[in-house]
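Notes follow once the structure below has been shown.
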Amino acid sequence: MCSMMCRAVRIHETGGAEVLKWEEVPVGEPGPGEALVHHTAVGLNYIDIYHRSGLYPLQALPAVIGMEGAGMVEAVGEGVDEVAIGERVAYAAPPVGAYAEKRVMAADRLVAVPESIDDVSAAAMMLKGMTAQYLLRRTHAAKAGETILVHAAAGGVGLILCQWANHLGVRVIGTVSSEAKAEQARAHGCDHALLYEDGGYAKEIEAITEGRGVDVVYDGVGRDSFAGSLECLAMLGHLVSFGQASGAVPPVELGLLSAKSATLTRPVLFHYTEAREDLVAMAGELFHVVGQGVVKIEVAATRPLAEAAQAHLDLEARRTVGSTVLIP
Ligand SMILES: NC(=O)c1ccc[n+]([C@@H]2O[C@H](COP(=O)([O-])OP(=O)(O)OC[C@H]3O[C@@H](n4cnc5c(N)ncnc54)[C@H](OP(=O)(O)O)[C@@H]3O)[C@@H](O)[C@H]2O)c1
């Protein structure tokens with residue numbers, strides 16, 4: 001049936017990119033409710049860096065990291081009716097284990113990939129795209145006419161958020177670290193792409209919004225952007241802190257929110273996808289906007305999975321735009 005070993009990127013200790021080791025690991029066979037997935041593409045996400053560095057502790061080491069993949073179902077265990085052998089599938093879900101040629105996965109976390117979407121695009125969009133979906137549709141249901149601020153607007157989640165928000169009729173302001181990234185953001189629906197380095201983006205946003213501020217800030221940068229995010233909010237604004245690429249946000253003095261009666265949330269994709277019907281609906285909505293051409297998935301780089309360490313260095317050093325996909 002399946003080969004019992006495959007090659008994977010595994011960590012034995014947490015640390016820098018050098019802890020990522022390309023080695024043989026056992027695969028196992030799918031038990032009840034599980035499927036064996038032969039990966040053709042694996043998504044690179046910032047959460048992989050948190051797992052590798054130890055910011056998000058893993059339950060046990062050694063561990064194959066990675067939470068997003070696409071490929072083909074090679075075998076299924078007892079009682080699996082969500083997917084079938086030979087079906088093209090993708091997922092973005094715990095537990096870690098995606099940086100591998102093959103893995104066993106709970107079948108109820110897998111979704112079928114439409115014919116119009118290739119495997120590399122699927123691996124580039126599941127985690128980042130379903131995140132954009134819940135951020136814009138559920139955490140804060142963005143409405144036409146609203147103004148939002150998206151930090152790291154040229155990043156993986158950022159480029160999808162900008163395009164999708166733009167499609168919803170939302171005015172999008174983004175922050176980025178370079179003029180090249182600003183151009184990318186503008187080309188993907190960001191109405192105003194501002195450089196943080198100028199230091200004055202809050203002032204620019206005040207001018208753009210005629211002193212009102214933005215209705216929502218989608219902040220995946222964390223420590224370095226949090227104060228600026230609060231500053232840019234409109235009265236009754238909503239600060240959605242969904243990541244910490246620059247480091248964890250320090251404890252927040254709740255009273256700070258009272259200056260604007262602001263709301264603050266710290267959402268996590270995997271809570272929104274917990275019920276299979278939600279997962280299927282979210283993936284379906286994502287596939288729909290991508291299929292319509294409303295959201296283009298920018299796979300700016302692909303790399304052999306064995307070179308995951310270099311991909312991590314590039315992501316951490318802010319050298320990437322859009323999505324990076326690792327090829328087993
Ligand atoms: N909560 C959730 O459900 C959820 C789901 C998915 C992703 N996320 C979060 O969303 C964020 C984006 O994820 P992604 O995978 O799409 O990554 P990404 O945005 O492609 O990469 C991170 C970007 O953050 C910016 N950044 C600012 N300060 C940085 C610093 N000190 N070090 C590194 N990067 C810095 C960089 O853009 P500039 O060069 O333009 O500054 C960098 O390109 C991450 O925080 C991630 O954890 C959260």
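As the structure lists them, so they are numbered: ligands from 1, and atoms in each ligand from 1. Source: prediction; values computed, not measured.
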Shortest protein contact, atom 25 (C) of ligand 1 (heavy atom only) = Ala152 CB, 3.7 Å
query = Can His167 and Gln292 be counted as having a side-chain donor-acceptor contact under 3.5 angstrom?
reply = no
query = If every non-hydrogen atom of Val113 is compared with every non-hydrogen atom of Ile117, which pair is closest and at what distance?
reply = CG1-O, 3.5 Å
task = Can you see which heavy atom on Arg223 is nearest to which on Val249, and at what distance?
result = N-CG2, 3.9 Å
message = So is Arg223 touching ligand 1 or not, going by heavy atoms under 4.0 Å?
response = no
query = Any idea which protein heavy atom is nearest atom 48 (C) of ligand 1, and the distance to it?
reply = Phe242 O, 2.8 Å
note = Among non-hydrogen protein atoms, atom 5 (C) of ligand 1 lies closest to Thr131 OG1, 3.1 Å
key: Nitrogen or oxygen atoms of Asp224 and ligand 1 under 3.5 Å apart   = no
request  = On the 0 to 90° scale, with breaks at 30° and 60°, tag the Tyr218-Phe242 ring pair as parallel, tilted or perpendicular.
outcome  = perpendicular
message = What I want to check is whether the side chains of Thr273 and Tyr134 have a donor and an acceptor closer together than 3.5 Å.
response = no
key: Ligand-side contact atoms (ligand 1) for residue partner Val268, heavy atom cut-off under 4.0 Å   = 1 (N), 3 (O)
task = Could you establish whether Ala154 and ligand 1 come within less than 4.0 Å of each other, counting only heavy atoms on the residue side?
result = no
ask   = Which option, Tyr56, Tyr134, Tyr218, Tyr46, owns the non-hydrogen atom nearest atom 46 (C) of ligand 1?
value = Tyr46
remark   = Logged contact type for Val157 with ligand 1, heavy-atom cut-off 4.0 Å, is both
task = Can you pull out the closest protein heavy atom to atom 20 (O) of ligand 1? Residue, atom name and distance to 0.1 Å, please.
result = Gly156 N, 2.8 Å
task = Provide the number and element of each atom of ligand 1 under 4.0 Å from a heavy atom of Tyr196.
result = 38 (P), 40 (O), 41 (O)
request  = Answer yes or no: is there a side-chain heavy-atom contact under 4.5 Å between Glu204 and Ile173?
outcome  = no
query = Is any side-chain heavy atom of Val214 less than 4.5 Å from a side-chain heavy atom of Ile148?
reply = no
request  = Output, in order, the C-alpha distance, side-chain angles, deciding distance and verdict of ring pair (Phe, Tyr, Trp, His ring centres under 6.0 Å) for Phe226 and His151.
outcome  = CA-CA 10 Å; Phe226 192 81; His151 289 304; over 10 Å; no
ask   = Between the candidates Ala132, Ala245, Ala92, Ser177, which shows the shortest non-hydrogen contact distance to atom 24 (O) of ligand 1?
value = Ala245
ask   = Are any of the heavy atoms in Tyr50 under 4.0 Å away from ligand 1?
value = yes
ask   = In the protein, which heavy atom is nearest to atom 19 (O) of ligand 1, and how far is it?
value = Gly155 CA, 3.4 Å
query = Just wondering, more than 12 heavy atoms not from His288 lying within 6.0 Å of its NE2?
reply = no
inquiry  = Between Phe287 and Met126, is there a side-chain heavy-atom distance shorter than 4.5 Å?
reply    = yes
query = Say you draw a straight line from CG of Leu44 to CE of Met67; how long is it, rounded to the nearest 0.5 Å?
reply = 13.5 Å
request  = Specify whether Tyr91 and His39 have parallel, tilted or perpendicular ring planes, treating 30° as the upper limit for parallel and 60° as the lower limit for perpendicular.
outcome  = tilted
task = Starting from atom 37 (O) of ligand 1, find the nearest protein heavy-atom neighbour and note its residue, name and distance.
result = Lys181 NZ, 3.5 Å
inquiry  = Within ligand 1, which atoms have a heavy atom of Leu315 less than 4.0 Å away?
reply    = 20 (O), 21 (O)
query = When you measure from atom 26 (N) of ligand 1 to every protein heavy atom, which one gives the shortest distance, and what is it?
reply = Arg318 NE, 3.7 Å
message = Suppose I only count heavy atoms of Gln244 and a 4.0 Å limit; which atoms of ligand 1 are within that range?
response = 45 (O)
inquiry  = Can you tell me which portion of Ala317 lies within the under-4.0 Å heavy-atom range of ligand 1? Options are side chain, backbone, both, or neither.
reply    = neither
message = Considering both backbone and side-chain atoms of Pro267, is one of its nitrogen or oxygen atoms within less than 3.5 Å of a nitrogen or oxygen in ligand 1?
response = yes
key: ligand 1 to Asn45 polar contact by distance, N or O atoms, under 3.5 Å   = no
query = Heavy-atom contacts under 4.0 Å between Glu316 and ligand 1: side chain, backbone, both, or neither?
reply = backbone
query = Do Ile208 and Asp191 have side chains that get closer than 4.5 Å, going by heavy atoms?
reply = no
task = Please identify which atoms of ligand 1 are closer than 4.0 Å to at least one heavy atom of Arg266.
result = 1 (N)
request  = May I ask you to identify the nearest protein heavy atom to atom 11 (C) of ligand 1, giving residue, atom name and distance to one decimal place in Å?
outcome  = Gly220 O, 3.7 Å
request  = Assess whether side chain to side chain donor-acceptor pair (under 3.5 Å) is satisfied between Asp48 and Tyr99, documenting all intermediate values.
outcome  = CA-CA 10 Å; Asp48 306 342; Tyr99 281 25; 2.6 Å; yes
inquiry  = Salt bridge or not between Lys21 and Glu13? Use side-chain N to carboxylate O under 4.0 Å.
reply    = no
key: Between CG on residue Leu110 and CZ on residue Arg276, distance to nearest 0.5 Å   = 7.0 Å
task = Give the contacting part of Leu269 toward ligand 1: side chain, backbone, both or neither, where contact means a heavy-atom distance below 4.0 Å.
result = both
ask   = Is there a side-chain contact between Thr14 and Arg52, using heavy atoms and a 4.5 Å cut-off?
value = no
request  = Please work out whether any backbone atom (N, CA, C, O) or any side-chain heavy atom from C-beta onward of Phe270 is under 4.0 Å from ligand 1, and answer side chain, backbone, both or neither.
outcome  = neither
key: Contacting atoms of ligand 1, where contact means under 4.0 angstrom from a heavy atom of Val176   = 40 (O)
Close-contact set for ligand 1 against Val221 heavy atoms, below 4.0 Å = 27 (C), 28 (N)
remark   = Any heavy atom of Glu68 under 4.0 Å from ligand 1? The part involved is neither
inquiry  = Just to be sure I read this right, does ligand 1 sit under 4.0 Å from the backbone of Val321, its side chain, both, or neither, counting only heavy atoms?
reply    = neither
